[in-house]
Chemist: 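Please find one structure pasted underneath; my questions will follow.
Owing to the predicted nature of the structure, the values given are computational and were not obtained by experimental measurement. Below, read A as the first sequence line, B as the second, and so on, with proteins coming before strands; counting in each chain starts at 1.
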Amino acid sequence: MPEFLKDIKRTHDCGALRGGDVGATVVLFGWVASRRDHGGCVFIDLRDRGGITQVVFEPQTSAEAHALSSELRSEFCVGVRGVVRSRGERKNPNLPTGEIEVHCTDLAVFSRSDTPPFEIGDDANANESIRLKHRALDLRRPSLQKNFLLRSQIYQTARRVLTAHKFLEIETPFLVKYTPGGARNFLVPSRLSPGQFYALAESPQLFKQLFMVAGFDRYFQIVRCFRDEDLRQDRQPEFTQIDLEMSFVVEEDVQTVVEALIVGLWKDVLGIDVVTPFSRLAYKDAMSLYGSDKPDLRFGLPLCDVTEVVRKHDGGGVEMLRQALSAKGAGEAPVVKGWRLPAAEAAKLSNVEIDKLEEFVKGLGARGLARARIGAGGAWTRSPMKAMREAMRNDLNAAAGLQEGDVFFLQFGAPKLAHTVLGALRLHVANKIGIVPAGQWKFAWVTEFPLFERGDDGKLVASHHPFTSPMAEDLERLESDPASVRARAYDLVLNGNEIAGGSIRIHRGDVQSRVFRAIGLSDEDARQKFGFLLDAFRHGPPPHGGIAAGLDRLAMLLCGADSLRDVIAFPKTQKGTDLCTDAPSAVTNKQLDELHIALVGLDSK
RNA sequence: GGGGUGGUAGUUAAGUUGGUUAUAACGCCGGCCUGUCACGCCGGAGGCCGCGGGUUCAAGUCCCGUCCACCCCGCCA
């Protein structure tokens, strides 16, 4: 008596059979996706990762299999042997296997299933927390299976392209020395060194620079990174990067490799030919035009700067504008930014909807949303700035190119907030009125980032990281005007998402010292924190640079997924918990004692 | 740290100015059915209305607190 698995081996997956297979005896393994019991004749849809095949049980084919089939329920795991038959006129055009069906001669029930907590089909829209709790079942859904098949292809393509470019794949530690600054680290207590901690690596940054000193010349790694920061739709506490570093290069060399990687991915995964080189956009232009350092370039509608117009008219009779520009603070000079929504698009927004946008921007931290609909002769209607003198209004109309029917939005004050608000408004409105074209891939390099930014205390901190090289032409201002110094850093942006970021590093000791000094890091401090890197750099470090691409975000975009959680097998919730395994969890006092850790300051419940 | 949305049957949702026994669809269970593929027909079971307090004659509904999930700002060198 032949047995399933041992003697009866799988011959096809459930997506493989076609009309040409009619007459063949086949063996399929999979799960019952649905059952249609007609009494004398039972149909099941059998599902595995390859697809779905209809299996038919009839007494005349096998009385035994037919009898057993009435016990089948959703998600039973079964094996089927049978004969492929044509469905003739009754074919199902919705299935790739719809031309055929398998008439079952032998049925094995490998395991039964409780009633699933949610339906497994793609159209099922169960609450995400329930899906995450039963993640193995959730991952059975064809749409998620497709995502992970695609993600697997990303690994293969990345390795193929980078290996072809002479990169070595080398691993770096996860348990690393804690380095302050930047993202919060997860800490791991050391049992063997009581009271001391490792950090989980937030990136392999320093190690890959050591690889360059070592002379590996080109390194890459598909590597997990850990950051203990608040989560977003496109941010998980552990995530995967395609990380690389190259010696003897300038910006374009790194960018060219990444472009080749992107070309390979889009070709292999989507069959799409991406055109290179990608366009370049300076950071200050990205911020000024789109209010974002990761602009969505699939549509236009840029912001405009009307600071000088308002300054010329000293507020033009609008007190809040005058005050906004006269405010003095430690931060950057205040600005007045506008966003023109042309009449054709503005017509899609009712006055009520425009009023509602004020609530939207207040949620982003704006005080309000100054706005106007442009009427005949350039008049501003429905505007809270009724006091505006006509002279300034006319200048604003000219500066922003305003025409009848347009809607004009204004933000003023600190540039960072004004840009955040108008940049977000631009995206929000574009999505709302449906002008973001689907199926477009707008890649761009954002370059010339500032080397430093102001921390909360007004002190300078490195924007990228303190090993990022300043631009040569700005080097002379490192001491006199550090805030104006630009970095040799670059981000790759796609449709409003940052998908990679990197820089050319500092390889000269004198420049490194000057950068440390600019951020208030003494030689001793630097030695304490990064001594191992600085030591290595005393022995002939090559000029080098690199980049890291967010593999999860790439997968999300390539899959067309809405969330990182749909391309990560076991993602964390927004609070960083894993609903499937219930991590994190409490540990015993014995475990804590061994690590010399005491818990304090917790509310006892 | 801040703002917002949501939580009602296994699942997805409805539930009016607070007022009889909390609805529906899908799923589930039983029966019938040999061409379904969202199978169909008949019958049935299934509820801590997230949790805790309060107001009230009366709370799914109003108030306060809290937990969880999601979206955003801050944060993410």
Side-chain angles (χ1 to χ4, degrees), chain A residues 33-45 52-61 66 70 73-75 85 87-95 97-98 101 103 113-121 123-134 179-185 202-203 205-206 225-237 239 359-366 416-417 420-421 424 427-428 449-453 455-456 460-468 487 489 498 501 503 515 519 521 529 550 562-563 565 572-575 577 579 603 605:
Chain A
S34 81
R35 171 183 66 112
R36 296 174 293 279
D37 186 347
H38 290 238
C41 163
V42 177
F43 301 92
I44 66 164
D45 288 342
I52 283 181
T53 299
Q54 173 162 287
V55 180
V56 187
F57 300 88
E58 290 176 317
Q60 58 267 39
T61 312
H66 176 258
S70 63
R73 294 293 184 272
S74 289
E75 302 312 320
R85 295 269 167 78
R87 295 178 60 172
E89 293 303 302
R90 294 190 300 261
K91 68 183 177 193
N92 183 345
N94 302 319
L95 289 181
T97 60
E101 62 194 8
H103 286 247
S113 170
D114 290 351
T115 300
F118 50 85
E119 291 169 62
I120 306 303
D123 45 346
N125 55 339
N127 186 297
E128 194 169 14
S129 58
I130 268 170
R131 289 175 37 203
L132 289 177
K133 180 177 164 70
H134 305 276
T179 52
R184 259 183 222 103
N185 288 111
E202 60 191 74
S203 82
Q205 180 61 39
L206 301 180
C225 303
F226 305 88
R227 294 180 190 174
D228 188 8
E229 294 292 345
D230 287 1
L231 277 53
R232 286 282 190 288
Q233 191 172 30
D234 61 352
R235 277 187 353 218
Q236 283 274 308
F239 58 98
E359 294 309 309
F360 172 78
V361 300
K362 280 182 176 172
L364 299 171
K416 185 175 180 187
L417 184 60
T420 296
V421 168
L427 293 177
H428 180 75
F449 282 83
L451 187 63
F452 305 113
E453 55 194 52
D456 295 334
L460 289 180
V461 295
S463 299
H464 188 49
H465 58 62
F467 313 103
T468 302
E498 180 198 329
S503 64
V515 168
I519 58 175
L521 202 63
K529 291 174 180 171
D562 295 324
S563 163
R565 292 183 297 275
K572 305 284 192 287
T573 69
Q574 192 156 50
K575 277 191 66 190
T577 64
L579 297 178
D603 295 337
K605 287 182 182 168

Chemist: Under 4.0 angstrom, heavy atoms only, what part of the nucleic acid is A/Arg235 near: base, sugar-phosphate, or nothing?
Modeler: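 If one applies the 4.0 Å heavy-atom cut-off, A/Arg235 turns out to touch a base.
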Chemist: Do any side-chain nitrogens or oxygens of A/Arg73 fall under 4.0 Å of OP1 or OP2 in B/rC29?
Modeler: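 For B/rC29, OP1 or OP2 has a side-chain N or O of A/Arg73 closer than 4.0 Å.
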Chemist: Look at the side chain of A/Gln54 and the backbone N and O of A/Gly98, then say whether any donor-acceptor pair between them is shorter than 3.5 Å.
Modeler: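 Pair absent, no side-chain N/O of A/Gln54 close to backbone of A/Gly98.
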Chemist: Could you let me know what B/rU17 is paired to, Watson-Crick or G-U wobble, both distances under 3.5 Å, or none if it's on its own?
Modeler: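 Pairing partner: none.
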Chemist: Would you mind reading off the distance between A/Glu119 atom CD and B/rA13 atom P, rounded to a whole angstrom?
Modeler: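 Rounding to the nearest Å, CD of A/Glu119 and P of B/rA13 are 13 Å apart.
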Chemist: Extract from the structure each pairing of a protein N or O with an N or O of nucleotides 2-5 of chain B at less than 3.5 Å, listing the distance.
Modeler:
none

Chemist: Tell me the closest heavy-atom pair linking A/Pro450 and A/Ser463, and the distance in Å.
Modeler: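 It is O-OG, 3.0 Å.
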Chemist: Determine the contact category for A/Gln60: base if any of its heavy atoms lies under 4.0 Å from a base atom, sugar-phosphate if only primed atoms, P, OP1 or OP2 are that close, otherwise nothing.
Modeler: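 Base contact - A/Gln60 has a heavy atom under 4.0 Å of at least one base atom.
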Chemist: Looking only at side-chain N and O atoms, does A/Arg232 come under 4.0 Å of OP1 or OP2 in B/rC73?
Modeler: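 Indeed, a polar side-chain atom of A/Arg232 lies that close.
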Chemist: Please state how far atom NE2 in A/His66 lies from atom P in B/rU34, giving the value in whole angstrom units.
Modeler: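 From A/His66 NE2 to B/rU34 P: 9 Å.
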Chemist: Would you tell me if any nitrogen or oxygen in the side chain of A/Ser129 comes within less than 4.0 Å of OP1 or OP2 on B/rG6?
Modeler: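 Indeed not, no polar side-chain atom of A/Ser129 lies that close.
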Chemist: Answer yes when A/Glu101 and A/Arg85 have at least one side-chain N-carboxylate O distance shorter than 4.0 Å, and no when they do not.
Modeler: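 Answer for the salt bridge query: no.
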Chemist: Quick one: label A/Arg565 by what it contacts on the DNA or RNA (base, sugar-phosphate, nothing), any heavy atom closer than 4.0 Å.
Modeler: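 Since only primed, P, OP1 and OP2 atoms lie under 4.0 Å of A/Arg565, the category is sugar-phosphate.
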Chemist: Could you check which nucleotide pairs with B/rG43 in any of the strands shown, counting Watson-Crick or G-U wobble with both distances under 3.5 Å?
Modeler: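 Paired with B/rC29.
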Chemist: In Watson-Crick or G-U wobble terms, both distances under 3.5 Å, what is the partner of B/rC62?
Modeler: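 Checking every strand shown, B/rC62 finds its partner in B/rG54, with both distances under 3.5 Å.
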Chemist: Determine the contact category for A/Thr179: base if any of its heavy atoms lies under 4.0 Å from a base atom, sugar-phosphate if only primed atoms, P, OP1 or OP2 are that close, otherwise nothing.
Modeler: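 Nothing, no nucleic acid heavy atom in range.
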Chemist: Within the structure shown, what part of the strands sits under 4.0 Å from A/Asn127 by heavy-atom distance: base, sugar-phosphate, or nothing?
Modeler: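 The answer is sugar-phosphate, as A/Asn127 gets under 4.0 Å only of primed atoms, P, OP1 or OP2.
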Chemist: Does B/rU34 have a Watson-Crick or wobble partner in any strand here, with both distances under 3.5 angstrom, and which is it?
Modeler: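 Paired with no nucleotide.
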Chemist: For B/rC70, give the paired nucleotide (Watson-Crick: N1-N3 plus N6-O4 or O6-N4; G-U: N1-O2 and O6-N3; both under 3.5 Å), or none.
Modeler: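 Pairing partner, where one exists within any strand: B/rG4.
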Chemist: For the pair A/Arg35 (side chain) and A/Arg73 (backbone), establish whether a donor and an acceptor sit closer than 3.5 Å, ignoring hydrogens and angles.
Modeler: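 No, A/Arg35 side chain to A/Arg73 backbone: no donor-acceptor pair under 3.5 Å.
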Chemist: Using the C1' atoms only, state how far B/rG50 lies from B/rU8, rounded to an integer number of Å.
Modeler: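 Roughly 10 Å separates the two C1' atoms.
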Chemist: So, does A/Thr573 get its side chain near the phosphate of B/rA69, meaning an N or O under 4.0 Å from OP1 or OP2?
Modeler: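 It does, given that an N or O in the side chain of A/Thr573 lies less than 4.0 Å from OP1 or OP2 of B/rA69.
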Chemist: OP1 or OP2 of B/rC75 sitting under 4.0 Å from any side-chain N/O of A/Lys416?
Modeler: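 Yes, such a contact exists.
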Chemist: Could you tell me whether A/Glu101 contacts a base, only the sugar-phosphate backbone, or nothing, with contacts defined as non-hydrogen atoms closer than 4.0 Å?
Modeler: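 Touches a base.
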Chemist: Less than 4.0 angstrom between a side-chain N/O of A/Arg184 and OP1 or OP2 of B/rG74, yes or no?
Modeler: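 Answer is no, no contact under 4.0 Å.
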Chemist: Once you round it to whole Å, what is the distance between P of B/rC72 and CG of A/Asp234?
Modeler: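 Rounded to whole Å, this separation is 7 Å.
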Chemist: Would you indicate what A/Glu202 reaches in the nucleic acid, counting non-hydrogen atoms under 4.0 angstrom: base, sugar-phosphate, or nothing?
Modeler: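 Base: the residue A/Glu202, judged by heavy atoms under 4.0 Å, touches a nucleobase.
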Chemist: Looking for any heavy atom pair under 4.0 Å, which part of the strands does A/Leu95 touch: base, sugar-phosphate only, or nothing?
Modeler: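 No contact at all - A/Leu95 keeps every heavy atom at 4.0 Å or more from the nucleic acid.
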Chemist: How close do A/Thr573 and A/Leu579 get, counting heavy atoms only, and between which atoms?
Modeler: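 Heavy atoms only, the tightest pair is CG2-CG, 3.5 Å.
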Chemist: Across the strands shown, which category fits A/His103 at heavy-atom distances under 4.0 angstrom: base, sugar-phosphate, nothing?
Modeler: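 Counting heavy atoms under 4.0 Å across all strands, the contact made by A/His103 includes a base.
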Chemist: Would you check if A/His38 stacks with the base of B/rU36, given a 5.5 Å centroid limit and a 30° plane limit, both strict?
Modeler: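 Given the distance and angle limits, no, they do not stack.
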Chemist: Heavy atoms under 4.0 Å, any strand shown: does A/Glu58 hit a base, just sugar-phosphate, or nothing?
Modeler: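 Base contact.
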Chemist: Between A/Arg36 and B/rU36, is there a contact of a side-chain N or O with OP1 or OP2 at under 4.0 Å?
Modeler: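 For B/rU36, OP1/OP2 do not have a side-chain N/O of A/Arg36 under 4.0 Å.
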Chemist: Under 4.0 Å from OP1 or OP2 of B/rC72: is there any side-chain N or O of A/Gln233 that close?
Modeler: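 So the side chain of A/Gln233 is within the cut-off, an N or O lying under 4.0 Å from OP1 or OP2 of B/rC72.
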